[in-house]
Structure formats: C-alpha cells, structure tokens
Amino acid sequence: MAFEAGKVYAVWLREVKRFINSKSRMVTSLVMPLLFLGALGGGLSSMIPGFNYSSFLLPGIVAMTVLFSSIAAGVSIIWDREFGFLKEMLASPTRRESLVLGRTLGGATTAIIQGLLILALGIPLTGIAVPQPANLFLALVLMAIFSCFLVMVGISFASLVQEVETFQLIMNLVIMPLFFLSNAMLPIDKMPPWLQAISTLNPVSYAVDGLRGLLIGQTQFGIFLDFSVVILSFLVALAASTYLFSKTSI
Amino acid sequence: MDAVVVEKLEKRFNGFTAVDRVSFRVKKGELFGLLGPNGAGKSTTIYMLTTLLAPSGGRAWVNGFDIVEQPDEVRSSIGIVFQDPTVDTRLSAYDNLDIHGRLYGMDDKKRKERIEEVLRLVELEEWKDKMVKTFSGGMRRRLEIARGLMHTPDLLFLDEPTLGLDPQTRRHIWGYIEKLKKQGITIILTTHYLEEADYLCDRVAIMDHGRIMAIGSPMELKARMGGNVIRVTSREPAKLADVIKRAGISKKPHVEENVVSFEAKDSGRMVPKVLKAAIAAKIEAESIELRMPSLEDVFIHYTGASIRSEKPAGSEMLARRRAHGI
C-alpha cells in the first residue's frame, strides 16, 4: 500500500487552516477548562486542608481539553457530510485510510495546541513543579497518542450515524461519561467502589494518570501501564475507524 | 473512443429502482445533458459514473476506465461539480483550490499556476484570499466549477450547475460552460431546466422514473414530434380536453392550469376542428395558439407530465446552510 503523504498532508492542512481561521472558537474552547481549574480547583483546595487539589486537577483538566476537542474534531465529519465537503474528499483519488489519517493528525494537532495552552496557563496558576524537563516531552507524546485515539473514536461514531442532529447527542453521550467516569477530578482510591470499577476500565483514566505521573509525580497505575493502555486503545480505534470509515458513503 | 459508455446501468435502493437499465454513450468533446424532474435518477446516474455509488447492475466506462474495477483511474480523470454546495466555507477560495490540487496529487508549481488560471476563468481572482462564507450563491458555484477544473480533467460532470441561482447568474454560468466546451472538454450536465438543456446541450437524454425515454439533439427531438403544438386556453380545460379526446383530435391532451395542449401533425386543419368541437360542447375557447414544439413539449410527450411543476430540491439545503450561518 503506497503511503499518500501529500494527500494526508492536504487533509491535515485543511483541519489546521480551519482552526486558524476560527480564532474565536479557540478562545471559547479555553474558557471552560480555565473555569474548572480556577473555580473548582481553587474552591476545593481551600476546603481540603493539606491537599493541593489544584495541582491534582491540572493534568485532569489538560486531558479534558484534549478529550473534548479531539472527539469534536472526529465527530465533525458529520458536518462535512451535511455541508458537502465529505463528497469532495470521497470523490478525489485518495485512499480512505489517508483521509482518516489526515483527519486524525489534523484534529490531534489542534487538540494538542489547546491542551498545551491550558498546561502553559495552568502551571503558573497552580504552581506545580514538573519533576524533570524531559517529563514535559513525554507528556506531549502521551497527549498525542491519547488525542489520536479520541479523534478516531469520533470518526468511528461519525461513520456510523448520518444525521447532524446526532452530533450533540454523541458529544454528550460519549464525552461526558468518558470524562466524569474517570479519575480526572477524583483520585481513584477515594472513589466509591462502583465508580472505581468503571474508572479503572476507562482508558481516559490512564491518560490522566500518566499525565499526573509525569507532571506532578503522582501515579496510581504506573507510567508504563498508562502508556500501554493508551497505545492499545489507539490501535483498537485505528482499526475501528479505518474499517468503519471505509464503509461510509456520501 | 467515446468519453463515456453506459450499458444497462442499474441502481436499486431497498426494492426501489432509482436507475433502471440505462444505456447511452457520450462522445469526446460533446456536451451531453441528462434532463428530467427531481427523482428521475439523474444524480444517482452521476454518482455511479463518478464512483461515489456502486451500481446494482450493468457496466460503465469513463475515459475508458471501468467504474467498478478502476475507481481511482476514473476519479483522477474527471472533474465534478455537485448539485449541493461542497466547498469549505471556513477556508479561503485559494485554500479550497490548493487542498483540492493536493488531493489530486498536483505538485506545488502546477498547483499555483492552475489556481491562477481557474480563478481567472470564473472571474474570482480578486476574491482569492477571501473566506468562502462571505461569498454569494453564484460565487460559490463559480468556485465549485473552478475547483472541478483544477486538475485539468478531460471530462467534467455538472450536476444541476445553475440550481437555485437567479436568471442573470444562470446566464453567466452558461457563459463559462460554453467557454469550456470551446476548449474541448467533454461535459455531462444534469438539469431540470429545459431552457438550459435546449441552449447548451449537443445531445439530451430525457430521463423519467429511472429510465431514458429519448435521446437526441434538442433539434432532433423537437423534429421527431412531427408537427406543431396547439395550445387552447379555456375556463373549463378538463372538460375541453375530454371533448378533444372524444372528437378524435388528440389521444392525450395535456392539461396545465387553464391550458390544454396537444401535438397535431396537420395543425392548420386542426384549429377549426377544435373550435367546432368546443362550440358543440358549449365550451368557450378564450384563445388558440399554434407553435413549433419546444423541448418542454417533447418532455411532456415522453413523460406525460410537465417538468415545471417541480420544486428545486436544493433550496431546502441552502436554507439549512443559511440557518447555520455558513
């Protein structure tokens, strides 16, 4: 199978250009994570003496930012179907795998930019001290794999449904449970057993745990397991999204 | 070699036959029209020929490539302008064309040159760096045409190229299409505007209910009617049609609003007969008109219905886009 680098780049370029062209959307997408971090983080920090909740929360909020924008980037194929651009892509002599890959890399690029912005704003805000500079690089790698996984989850859902009306539904029924049923806001060992069980099965928990381990030196599963689960999830989503998207038609 | 060869092409959706064993050929350099009301199967035919829909039966070759066996070769060799808008409104005109060129594997130099060329052709050079969401409907359609031509295809598909555009913009688009024809590009166009087919096409296939009812040049098709068309205006058109039928003047008079129309071989002699029959039945004929058959009369002849009673399907889509502000 010939690798269509130029065509993957074309799809990536479109995602990034659209992102640059809608700066207002980028600003609004940063508001919610910052509110979470400021209001929830700041509020609970003063309630629980001796526990810096803000520092604990920051990796979870970075993961949340990546989660929201990655899935939205994948699911927005529904809008491309509605507004026709999907036809332009499907009618071109481009392999479906290349379309999925370009979309994934493009969506991940924009999601990571937002995640990094939250991290950059969050570090002085919460005053965390990253154990080693190299950890920042590893965190970026983890975010990238995590983000690609989520964009592909979005693409899979978008390939299964056709109606624009389901866009918001998917966003709520997929994103919210993935976020709330994870360790993004609560430590797993402090959870009620039922939530603990679900969170342990949620791949988002491993991305959050990995980021926590790298950024504030607190991990429950261990960095190795965190990376393994995120990479495995990515591979499953890769297979699912390329298969489901290849079945899609105009 | 023919640009397009279609043999008994068929498409069924859950028991509904959208395209029913259609066969036709399009010569190189020809401007070929598929004319028919919405739901006639024109767009489905185009989707199959452009490899976006798999046929249920039959075969077709586009530029010599089999549409089922060689989809990539077909895609590289054709340009498509879809009925519904497909440009990205959140990108500039330039970026839309640039990304298209990349998807078709054009190198940097070729892409830059061609973008200038196609933008000049549709007179959008000044709008190159403007966001497409600021474009009017006519400008968007021109950009779509420019994009369809970007990779210099030999064959261009235009699916309802002037749907929903005002008459002035429509004329403008016709001008571009004529220009392309002069450059020797083969064009397959679908339309439900009879004037459009009549004005532009070398040959027309009249489609209805998934079938091709007649193929020929507009002149040929009109001549095939073998006579003139008589149109009688009356306050009681249904009754008048019945009288005309019973008097043996025409087997199938067509009624639309207050006009009864039918073909007549010996039209000059028929007019007095019509009047006589109308008077005998005590129906007042307000006016009688006798004219050469138009493509519309041809259409009525083959399909038994007028094409004008159709509403454009794309208008709903445009309204939705506007509702979303893009």
Side-chain angles (χ1 to χ4, degrees), chain A residues 1-26 72-73 76-103 105-106 110 162-165 167-168 246-250, chain B residues 43-44 46-47 49-54 65 70-92 94-108 111 131-133 140 144 147-148 150-151 153 157 159 314 317-318 320-321 323-324 326:
Chain A
M1 175 175 117
F3 180 61
E4 301 176 324
K7 298 181 183 187
V8 172
Y9 177 72
V11 182
W12 177 87
L13 191 66
R14 172 188 178 236
E15 290 299 308
V16 173
K17 291 233 169 176
R18 277 171 67 94
F19 179 68
I20 295 169
N21 289 345
S22 54
K23 291 184 191 77
S24 61
R25 239 179 354 171
M26 182 169 72
S76 63
I77 284 187
I78 293 180
W79 291 106
D80 280 346
R81 179 177 278 119
E82 175 73 4
F83 293 138
F85 198 79
L86 187 67
K87 269 188 209 152
E88 153 78 352
M89 292 193 286
L90 293 180
S92 72
T94 309
R95 301 184 65 98
R96 304 290 155 100
E97 293 87 345
S98 304
L99 296 176
V100 170
L101 198 57
R103 182 76 171 210
L105 295 175
T110 59
Q162 313 273 322
E163 298 79 23
V164 175
E165 289 72 21
F167 178 80
Q168 206 51 47
S246 73
K247 298 269 168 238
T248 203
S249 65
I250 41 127
Chain B
S43 289
T44 308
I46 298 290
Y47 284 149
L49 294 180
T50 54
T51 77
L52 285 167
L53 264 186
F65 304 116
Q70 300 161 290
D72 267 343
E73 285 86 347
V74 171
R75 288 175 192 179
S76 303
S77 70
I78 58 172
I80 315 168
V81 177
F82 293 103
Q83 178 173 336
D84 297 321
T86 64
V87 283
D88 192 330
T89 53
R90 293 186 191 275
L91 292 178
S92 66
Y94 184 93
D95 285 339
N96 264 291
L97 296 172
D98 182 62
I99 286 167
H100 181 91
R102 290 174 192 275
L103 288 175
Y104 282 76
M106 297 169 74
D107 63 41
D108 285 15
R111 240 175 23 244
M131 213 58 75
V132 177
K133 67 179 168 197
R140 288 180 193 194
E144 301 241 7
R147 194 183 59 181
M150 179 70 193
H151 55 286
F157 287 91
D159 196 1
M317 167 85 187
L318 282 169
R320 265 180 107 168
R321 280 185 86 106
H324 289 295
I326 38 184

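Chain A is the first sequence line, chain B the second, and so forth, proteins listed ahead of strands; every chain is numbered from 1.
- Across all non-hydrogen atoms, the minimal contact from B:Gly105 to A:Lys7 is N-CE, 4.1 Å.
- For the pair B:Tyr47/A:Lys87, a side-chain contact is recorded, criterion being any heavy-atom separation below 4.5 Å from C-beta on.
- When all heavy atoms of A:Phe85 and B:Val87 are compared, the closest pair comes out as CD1-C, 4.2 Å.
- The parts of B:Asp72 that come within reach of chain A are both its backbone and its side chain, each placing non-hydrogen atoms under 4.5 angstrom from that chain.
- Within the 4.5 angstrom heavy-atom criterion, atoms from both the backbone and the side chain of B:His100 approach chain A.
- Across A:Asn21, A:Leu99, A:Asp80, the residue that shares the most heavy-atom pairs under 4.5 angstrom with chain B is A:Asn21.
- Listed here is the closest heavy atom pair of A:Pro93 and B:Tyr104: CD-CE2, 3.2 Å.
- Ranked by heavy-atom pairs under 4.5 Å with chain A, the list B:Thr50, B:Asn96, B:Asp95 is led by B:Asp95.
- In terms of heavy-atom proximity, B:Phe82 sits nearest to A:Ala91 at CZ-CB, 3.9 Å.
- Considering CZ of A:Phe83 and CG of B:Asp88, their distance stands at 11.0 Å, rounded to 0.5 Å.
- Chosen from A:Thr94, A:Ile20, A:Val11, the residue pairing most often with chain B at heavy-atom distances under 4.5 Å is A:Thr94.
- In this structure, A:Leu13 CG and B:Ile99 CD1 are separated by 5.0 Å, a value rounded to the nearest 0.5 Å.
- In terms of heavy atoms, A:Glu88 sits closest to B:Leu103 at OE2-CD1, 4.4 Å.
- Rounded to the nearest 0.5 angstrom, B:Asp98 CG and A:Arg14 CZ are separated by 13.5 Å.
- Applying a 4.5 Å heavy-atom cutoff, the residues of residues 73-80 of chain B that approach chain A are B:Arg75, B:Ser76, B:Ile80.
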